[in-house]
Each structure stands twice: as structure tokens, then as C-alpha cells.
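Inspection log for the structure reproduced underneath, given as C-alpha cells.
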Protein chains: 2
Amino acid sequence: MITKNKMRPRGRPRRFDPDQAVETAQQLFHAKGYDAVSVSDLTEAFGIKPPSFYAAFGSKAKLYERVLERFTRTEAIPMPDLLRQDRPVAEGLKAVIEDAAHRFAADPDASGCMVLEGIRCIDSEARSAARSYHANSDDMLYRFIAERHPDQARHLADYMSTTLAGLSSMARNGQSLDRLLASARLAGLAIEQELSG
Amino acid sequence: MITKNKMRPRGRPRRFDPDQAVETAQQLFHAKGYDAVSVSDLTEAFGIKPPSFYAAFGSKAKLYERVLERFTRTEAIPMPDLLRQDRPVAEGLKAVIEDAAHRFAADPDASGCMVLEGIRCIDSEARSAARSYHANSDDMLYRFIAERHPDQARHLADYMSTTLAGLSSMARNGQSLDRLLASARLAGLAIEQELSG
DNA sequence: TTTTATTTTTAGTGATCACTACAAAAATCC
DNA sequence: GGATTTTTGTAGTGATCACTAAAAATAAAA
């Protein structure tokens, strides 16, 4: 079993790389938001015509789903790493918020969180795709907390989601890294206080 | 000087009430967001045709400005009332956040804050209109804090904006009042902690 | 009654949206 | 070389967007 990867398929070969296109699409969607990126923006950036676009990706929303998958795999907050079971709960939560502040302000052309911004877009297909990723990340936060603080888990996870959504908003407003970090530090005070009480 | 208000103007009379239309527009814009409301949605809701719309309001964006003005006058967080100079700073800030939680979840068809949602819309004219209202409310928060805690004012005001943006987001996600209030309470812990230290 | 001023309705404008029917092009398979 | 398969480019589709020219309608003013 050597072949299969190198072997060319039968028909006319692609003149563009779909994975590269997904990466380009991620930049566009992150910079401008799903609704503000048109299919013609995408095809132009890819250097292809609409029929090639639809043959490769099916629809704008399906491409967005691929972009979201790539985003969570490559650029989203690495929750599993930050929320290890042996880590103090407050420490893990504060690490998530601080990591978020850094990530959300890292690239001025891709500020905020793609998922948190996606859940507010107008297109319902794209919105529900983003929502499922958001629900998953909320779940990870909740389970991490509930393991040791089941009674406070719901409220703390909600507070985390609220703070992350706020940080993403402020990042998209152009707020600088140090101001985001200052807000992150304040949010940490609430977490400490709630878990020490 | 008696007349002027009762006296009919010269031409054909209006068949609709612009102030009532602004109120209707507020409902639509708040429920769906600026970009998701079309001029034809508006004219249909008003019971008028496009030319009447443009004669009365100039453009969709100009109508939105009138709606924002009405919103801040009638339904926004009453910051001047909550941030009286004789009130302890922490108490005032917590009151704002708690009031926000209540307002943002009060009407399921108008969840969140119209200004905070407006600053993220696609249309640049509408966005900058919303931004100026947001800047103003951030300024009120900053000055209220700076009066007694000038060194912490910037960070605390940023934290307030971040938290309010987060609460608006979560409200638009459909989060219930009691969960928003729980997050508001946690945010209050951060404020207390920061100001007592 | 005629003139003037304003709002109305009719019927559009061109731009852009996401998306597609169709056939030529370019590769492999037989 | 001819058949098959897939992607390509050309050239659109109808829907919807914000917005408008023009004239009929309706009021007060002269």
C-alpha cells in the first residue's frame, strides 16, 4: 500500500489548493466577519471562478464550517492544554482568560475570537455552525470547574463565557493588548474571590 | 405666540407618524440588528412606500441615528442616575452592571444593548453612529471612577465596558436573567476587590 | 378657482448577492 | 487515439439591496 496519495485522479487537475484557499478564507472571515465577506471576495482572493468555488466547497456556509474547523485546530484557545485536571481551578481559568487576551489582540487583521464573533452573524447556517463550537468550549470550561466545584460551575462557566465574549468585543473595537490584559487581570480577581470564599 | 404647532403646513398631509415609525424601527433594529433589517422591512412595518421613507428620514442610516437617540433617551442604562458623585464607586459600578443584566434580558425580542450591538454592524455609517454613543457611555464610567480613583479608572472603566459587552452578547445568545445576574454578581467581586486593595 | 407646497403612489434604477447551466479544456484509462 | 472523468471559464440566473425620477393627490394660500 504505497500509492493513493501521489496518484493523480482521473480528470482535469485542480489549478488551486483547497487547503490554501481555506487558510485564505480564514483570514477574510476573521478580518471582516462572515456576512461581510462575499463569494466574489473569496473567489477573487483564491484566483478562481465561482463554479470552481462551488465544485470545491459546496457553498459559502460549508466553506465557513471548514474554516471554523481549521480555526479551532490551529488558532483557538488551547483549552485542553490549559485546563488540565491537576491544575488549580482558578489558575486554569485565569490562564484561559489571559491566553484569550493575548490571542484576541495578536493580529490586528484578525482580532477577537472567530467563534464568538461567528455566533452573532446574520446567516443562520454559519451562525449555528459557530454556535456548536461555542457550546463545546463552554462545556469544556463547565466540566473543568464542576470536577472540583460542582455548585459554582454553572455560574463560573457563564462568567467565563461572558468575559471572553467581552474581551473579543473589545479586541475588535481595537483595544490594545495591555488594556485587554488589565481587564483579564480584574476578571481573575472575581474568579479567585469566588473560589476562595 | 399661540400657533405653530396646531397649524397645518401647506402641502398634502402625512399619512403616518414619523415618531411612531422611529419607535417601530427601534423594535426592528434592536431585534435583528442594523444589517439584518432592510428598508423594505421598515417601509412595510410603517405601512408606507420607499419615497415616503426617504422623504421623512433621508436614509436608513439617518433613521438609525434617530433610533439610537431615542434608545439612549428611553431604554439605555441610566448612568447619570446610577453614577451619582456621592455614591461609593464600587456601589455605582455594581449598580450599572446589575441594571444592565436586567435591561439586556428584559425583552426577549430586544435582548442585549442596542449600542453595544450596533458598534459591530457591517454598515460603517451606522457603526460609527453607535460608536459615538458607546464612547460617551465609556466616558461617563471613566469620569465617575477617576474622580476618586484616578489611577485605576482606565482599567476599571475598560473592565466595565468589557463586562457590559459580554453581558449583551450572552443576552443575545438567549441567556436567562438569573444567569446574567449571576455573572453580574461575579463581576462585582472583581470591582470590590480592585477598589478595596 | 388658481397657484403653490408637500406627500403620496407607481414603477422603476443599477449594484450586488449567492449560486448555476453549459461546454471547452485537460488530465487518465482503455 | 478515443472514451471517460473532472475542472475549468463563459456567461449568465433570479432575488434582494438601498435608493429615486416623475407625476398624481391633497392640502393651504392667493
Side-chain angles (χ1 to χ4, degrees), chain A residues 3-22 24-25 28-29 32-67 118 121-129, chain B residues 2-22 25 28-29 32-67 118 121-129:
Chain A
T3 52
K4 167 76 164 307
N5 215 352
K6 276 265 155 195
M7 192 185 180
R8 272 252 187 97
R10 190 95 111 79
R12 177 173 177 171
R14 277 234 170 81
R15 295 197 34 194
F16 76 105
D17 178 358
D19 288 329
Q20 172 59 47
V22 169
T24 302
L28 282 172
F29 282 135
K32 311 208 289 174
Y34 181 84
D35 298 308
V37 177
S38 69
V39 171
S40 89
D41 289 335
L42 293 163
T43 55
E44 223 166 288
F46 299 170
I48 62 176
K49 310 284 179 186
S52 299
F53 176 92
Y54 286 97
F57 304 112
S59 71
K60 180 185 169 189
K62 287 208 183 79
L63 169 61
Y64 184 65
E65 288 177 30
R66 284 185 64 170
V67 166
C121 76
I122 297 174
D123 184 274
S124 65
E125 218 174 330
R127 203 171 55 234
S128 82
Chain B
I2 359 166
T3 51
K4 166 78 162 308
N5 215 351
K6 277 265 155 195
M7 194 182 177
R8 273 252 187 100
R10 192 96 112 81
R12 178 172 175 170
R14 278 234 168 80
R15 294 198 35 194
F16 77 104
D17 177 359
D19 288 328
Q20 171 60 46
V22 169
L28 283 171
F29 283 134
K32 312 207 289 173
Y34 181 83
D35 299 307
V37 176
S38 69
V39 171
S40 88
D41 288 336
L42 293 162
T43 54
E44 221 165 289
F46 299 170
I48 63 177
K49 312 284 180 186
S52 297
F53 176 92
Y54 286 96
F57 303 112
S59 70
K60 182 185 167 188
K62 287 208 184 79
L63 169 61
Y64 184 65
E65 287 176 30
R66 284 185 64 169
V67 166
C121 76
I122 297 174
D123 183 274
S124 65
E125 217 174 330
R127 203 172 54 235
S128 81

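Below, chain A is the first sequence line, B the second, and so on; all start at residue 1. Atom set for the values below is all heavy atoms of this structure, side chains included, hydrogens, waters and symmetry mates excluded.
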Rounded to the nearest angstrom, tell me the gap between atom CZ in A/Arg15 and atom C1' in C/dA27. 14 Å
Salt-bridged, A/Asp19 to A/Arg66, with N to O below 4.0 Å? yes
Please report the distance, rounded to the nearest Å, between CG in A/Asp123 and P in D/dC17. 14 Å
Could you please name the option among C/dC19, C/dA24, D/dT10 that lies closest to any side-chain atom of A/Lys60? C/dC19
Which whole-number value in Å describes the distance from A/Asp35 CG to D/dC17 P? 13 Å
Both conditions, 6.0 Å and 45 degrees, for the charged tip of A/Lys62 above the ring of A/Tyr54: are they met here? no
Which of D/dT8, C/dC19, C/dT8 is nearest the side chain of B/Ala55? It is C/dT8
Name the nucleic acid region contacted by A/Phe57, choosing base, sugar-phosphate or nothing; use a 4.0 angstrom heavy-atom cut-off, strictly under. nothing
side-chain N/O B/Tyr54 vs D/dT20 OP1/OP2, d < 4.0 Å: no
Distance check: side-chain N/O of B/Ser52 vs OP1/OP2 of C/dT8, anything under 4.0 Å? yes
For a quick test of reading the model: is some side-chain N or O of A/Arg10 closer than 4.0 Å to OP1 or OP2 of D/dT6? no
Does a side-chain N-to-carboxylate-O contact under 4.0 Å join A/Asp41 and A/Lys32? yes
Whichever of A/Gly47 and B/Glu125 has its nearest DNA chain D nucleotide further upstream toward 5': A/Gly47
Between C/dC17 atom C1' and A/Glu44 atom CD, what is the distance in whole Å? 15 Å
Starting from P on D/dA23, measure out to CZ on B/Arg12 and report it in whole angstrom. 16 Å
If you check every side-chain atom of B/Pro51, which of C/dT10, D/dT8, C/dT8 has the closest atom? C/dT10
Separation of D/dC17 P from B/Leu42 CG (nearest whole Å): 11 Å
Is the ring pair A/Phe53/A/Phe46 parallel, tilted or perpendicular, if the boundaries are 30 and 60 degrees? parallel
Under a 3.5 Å cutoff, is there a donor and acceptor pairing between the side chains of A/Thr24 and A/Gln20? yes
Return the nearest nucleotide to the side chain of B/Pro50; candidates are C/dC17, C/dT4, C/dA11. C/dA11
Among C/dC17, C/dT9, D/dT8, the one nearest A/Ser40 by side-chain distance: C/dC17
Tell me: NZ of B/Lys49 to C1' of C/dT6, nearest whole Å? 19 Å
Taking CZ from B/Arg14 and P from C/dT6, how many angstroms apart are they, rounded to a whole number? 11 Å
Quick one: which of D/dA21, D/dC19, C/dA26 gets closest to the side chain of B/Val39? D/dC19
Starting from the 5' end of DNA chain C, give me the residue, A/Val37 or B/Pro9, whose nearest nucleotide shows up first. B/Pro9
